[in-house]
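Since the structure comes first, as structure tokens, the remarks are kept for the end.
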Amino acid sequence: MRRRGFLAAFGAAFVAGCNKIADTGPGKSLLSAAESWHKGAHRLLTDRTALAPVYPRSAISPFFRGNGSTDPQNGDYQASAANDFADWRLEVRGLVDSPLSLTLDNIRRLPQRTQITRHDCVEGWSAIGEWTGPQLSLLLDAAGLREEAKYIVFRCADNLNGEDYYESVDLIDAYHPQTIVAHMLNGRPLPIRNGAPLRMRIERQLGYKHAKYLTAVEAVASLDDIGRGGGGYWEDRGYQWYAGI
Ligand SMILES: Nc1nc2c(c(=O)[nH]1)N[C@H]1C(S)=C(S)[C@@H](COP(=O)(O)O)O[C@H]1N2
Ligand SMILES: [Mo]
């Protein structure tokens, strides 16, 4: 299997504070559980694994606007940006066997996926962009997701009105092939406006799910004790948690 080969090559290098090479066991069995569930021919679930439409290069929006935070002023973000994000780390933590702490270089060296997709914001605008980065599934498998994990929480560096932006998805979206940790937009490092240095792309979901300024990916069993318990910054303010498109 492709995942196994990838892990044999990269697993050891990414394990933070632990010598154990990530074991794919729990992650794999969760995935195959999800797969056989789909094979049960439930239409809704089948639809959830379908790919979002992709577009030709000619459809790329000349300007991909920014929304929400577009230039975080809080914490160390500005200092990190001034230093080209050399000290940025993406943690993979929570209900995993082997927590990871990845540099941007680690992330750039993983197998990459590039996709030209349309972003839809509930505020009533859309834009098409080409996003590049590793699939989230690679990181989750490398860390070894535990059986108890039900959601993946995305932690962000920005803070809006005193509350940290965050988001979450279930494992179907986390393992969707178009769910990537993007570090490039249209072939260049992400602009700060669009979430530098890392942002999620979760192509089957509305814009607010696509967490920018990503600092950690956290596997959890429940969303209750995070933020105000709604599963995301905007969900805590009344937006739907499941924002599938
Ligand atoms: N960390 C963080 N992520 C975020 C937001 C935000 O304010 N902070 N806004 C969300 C919303 S509502 C949208 S539509 C998209 C906007 O992405 P863009 O700025 O690249 O257009 O990011 C989403 N992710
Ligand atoms: Mo949005």
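Whatever order the structure lists ligands and atoms in, that order sets their numbers, starting from 1. For clarity, every value in this text was computed on a predicted model and none was experimentally measured.
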Ignoring hydrogens and angles, tell me if any N or O in the side chain of Glu130 forms a donor-acceptor pair with the backbone of Gln115 under 3.5 Å. no
Say whether Ser80 and Asn83, considering side chains only, have a donor N or O and an acceptor N or O under 3.5 Å apart. no
One finds that the ligand 1 atoms under 4.0 Å from a non-hydrogen atom of Phe64 are 20 (O), 21 (O)
Write out the residue and atom name of the closest protein heavy atom to atom 7 (O) of ligand 1, then the distance separating them to 0.1 Å. Ser69 N, 2.8 Å
Are any of the side-chain nitrogens in Asp173 or Arg48 under 4.0 Å away from the carboxylate oxygens of its partner? yes
Nearest non-hydrogen protein atom, atom 21 (O) of ligand 1: Arg65 O, 2.6 Å
Of the protein's non-hydrogen atoms, which lies at the shortest distance from atom 24 (N) of ligand 1, and what is that distance? His210 O, 2.9 Å
Side chain, backbone, both or neither: the part of Asp158 lying under 4.0 Å from ligand 1 by heavy atom: side chain
Between ligand 1 and Asn67, is the shortest N or O to N or O distance under 3.5 Å? yes
Under 3.5 Å, is there a donor-acceptor pair linking the side chains of Asp158 and Gln73? no
Tell me which part of Tyr165 gets within contact of ligand 1: side chain, backbone, both or neither, using heavy atoms under 4.0 Å. side chain
With sequence neighbours excluded, what pairs up with Tyr233 under the ring pair (Phe, Tyr, Trp, His ring centres under 6.0 Å) test? Tyr165
Does a side-chain N-to-carboxylate-O contact under 4.0 Å join Arg237 and Glu163? yes
For atom 13 (C) of ligand 1, grab the closest protein heavy atom and report residue, atom and distance to one decimal in Å. Gly207 O, 3.6 Å
Nearest non-hydrogen protein atom to atom 19 (O) of ligand 1, with distance, is Lys212 NZ, 2.5 Å
Please determine whether any non-hydrogen atom of Arg199 lies less than 4.0 Å from an atom of ligand 1. yes
I'd like to check which ligand 1 atoms, numbered from 1 as shown, lie under 4.0 Å from a non-hydrogen atom of Cys156. 1 (N)
Could an N or O of ligand 1 be found under 3.5 Å from any N or O of Asn194, whether backbone or side chain? yes
Determine whether the aromatic ring centres of residues Tyr151 and Trp241 are separated by less than 6.0 angstrom. yes
Within ligand 1, which atoms have a heavy atom of Cys121 less than 4.0 Å away? 14 (S)
Single-linkage hydrophobic cluster, 4.5 Å side-chain cutoff, Met200 and Leu190 together: no
Within the structure, does Trp131 bring an N/O atom to less than 3.5 angstrom of an N/O atom in ligand 1? no
In chain order, what residues pass the ring pair (Phe, Tyr, Trp, His ring centres under 6.0 Å) check against Trp131, with sequence neighbours excluded? Phe64
In sequence, state the C-alpha distance, the side-chain angles, and the governing distance for Asp120 and Arg118, and then conclude on salt bridge (charged side-chain N to carboxylate O under 4.0 Å, His left out). CA-CA 6 Å; Asp120 295 311; Arg118 196 183 71 197; 2.9 Å; yes
Taking Arg108's backbone N and O only, do any of them form a donor-acceptor pair with Gln112's side chain (distance below 3.5 Å, no angle check)? yes
I need the contact type for Tyr233 against ligand 1. Using non-hydrogen atoms and a strict under-4.0 Å cut-off, is it side chain, backbone, both or neither? neither
Using a 4.0 Å heavy-atom cut-off, say whether Trp125 meets ligand 1 through its side chain, its backbone, both or neither. side chain
With a 4.0 Å cut-off on heavy atoms, does His119 reach ligand 1? yes
For this output row, return yes or no: ring centroids of Tyr239 and Tyr208 closer than 6.0 angstrom. yes
Which ligand 1 atoms are under 4.0 Å away from a heavy-atom of Gly68? 7 (O)
Residue Arg193 vicinity, atoms of ligand 1 by number, heavy atom under 4.0 Å: 19 (O)
